[in-house]
A.B. asks: 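Dumping the structure here so I can ask a few things about it.
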Amino acid sequence: DIQMTQSPSTLSASVGDRVTITCRASQSVSSWLAWYQQKPGKAPNLLIYDVSSLKSGVPSRFSGSGSGTEFTLTISSLQPDDFATYYCQQYYTYPWTFGQGTKVEIK
Amino acid sequence: QVQLQESGPGLVKPSQTLSLTCTVSGGSISSGDYYWSWIRQPPGKGLEWIGYIYYSGSTYYNPSLKSQVTISVDTSKNQFSLKLISVTAADTAVYFCARATLNAARFDYWGQGTLVTVSS
């Protein structure tokens with residue numbers, strides 16, 4: 001299985017901060033990577049797919065980059081609604097796997 | 001707007017079978033453009049993909065769960081289902097159903113999730 005490792009596990013930030021979350025794959029996943037946002041008690045919500053394509057309706061402050069084994073999710077200016085847990089997911093090969101999550105907390 | 005809704009018992013005894021159904025509305029399972037998946041999340045932990053079914057009935061299961069899992073589809077009811085046999089406390093989780101696009105399997109629509117507790 002491809003292991004997806006996110007860092008940091010927890011991130012404390014303030015409204016307006018630029019936030020970057022890293023996701024590393026144990027082997028190349030090419031460009032087959034997605035990012036999700038999950039709030040407590042809710043299902044994950046797709047934000048970005050194919051590394052950098054923004055799902056329709058997702059604010060442009062979210063962006064993704066990377067290729068191969070290293071990827072980043074950036075929130076350019078953190079908003080109150082963005083405090084949540086974020087997961088990366090590879091769909092390059094079976095089984096599809098997720099990172100362990102990064103919780104973005106209020107500083 | 002596609003909607004998915006999980007249903008089934010919230011409590012299952014150890015060694016018994018967990019059974020859940022996902023009802024899809026606002027779109028047809030038979031459209032052929034999607035994989036229909038189950039994903040679970042133990043309390044306070046991360047996400048684990050269980051497997052998918054295509055409308056034709058073809059399946060793929062996570063090897064870590066393959067011996068326990070069966071996913072089936074009922075296109076006439078626009079539903080797909082999960083069965084997990086011989087459950088233990090480790091199978092306690094929120095179970096989500098989700099849709100993945102055929103050409104690149106990101107999960108673009110999810111059910112709200114249902115908590116299943118394995119306990120005697």
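All figures in this text were calculated on a predicted structure; none of them were measured in a lab. Just so we're on the same page: letters track the sequence lines, and every chain starts at 1.
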A.B. asks: For the backbone of B:A105 and the side chain of A:Q89, can you confirm whether one donor and one acceptor N or O come within less than 3.5 Å of each other?
C.D. replies: yes
A.B. asks: Run B:K45 and A:Q100 through side-chain contact (heavy atoms from CB on, under 4.5 Å) and show every step you take.
C.D. replies: CA-CA 8 Å; B:K45 296 189 177 180; A:Q100 83 281 13; over 6 Å; no
A.B. asks: Cation-pi between A:K55 and B:Y109: NZ/CZ under 6.0 Å from ring centre and within 45° of the ring axis?
C.D. replies: yes
A.B. asks: Let me see the working for A:W96 and B:Y35 under side-chain contact (heavy atoms from CB on, under 4.5 Å), right down to the final yes or no.
C.D. replies: CA-CA 12 Å; A:W96 302 329; B:Y35 296 120; 3.9 Å; yes
A.B. asks: Take A:D50 and B:R106, measure what side-chain contact (heavy atoms from CB on, under 4.5 Å) needs, and give me the verdict at the end.
C.D. replies: CA-CA 8 Å; A:D50 298 350; B:R106 67 266 187 177; 3.8 Å; yes
A.B. asks: Using non-hydrogen atoms and a 4.5 Å limit, figure out which bit of B:Y60 sits close to chain A: side chain, backbone, both or neither.
C.D. replies: side chain
A.B. asks: Pick one of side chain, backbone, both or neither for A:P44, based on which atoms fall under 4.5 Å of a heavy atom in chain B.
C.D. replies: both
A.B. asks: How long is the gap from CZ on B:F96 to NZ on A:K42, to the nearest 0.5 Å?
C.D. replies: 10.5 Å
A.B. asks: Relative to chain A, which segment of B:Y52 carries a heavy atom at a distance below 4.5 Å: side chain, backbone, both, or neither?
C.D. replies: side chain
A.B. asks: Could you walk me through whether B:F107 and A:F98 pass the side-chain contact (heavy atoms from CB on, under 4.5 Å) check?
C.D. replies: CA-CA 12 Å; B:F107 301 105; A:F98 294 86; 3.8 Å; yes
A.B. asks: Taking side chain as everything from C-beta outward and backbone as N, CA, C, O, which of these in B:S37 sits under 4.5 Å from a heavy atom of chain A? Side chain, backbone, both or neither.
C.D. replies: side chain
A.B. asks: Quick check: is B:V118 connected to B:L115 through a chain of hydrophobic side chains (ILVMFWY, heavy atoms under 4.5 Å apart)?
C.D. replies: yes
A.B. asks: State whether the number of non-hydrogen atoms from other residues, nucleotides or ligands found under 6.0 Å of B:K77 atom NZ is greater than 12.
C.D. replies: no
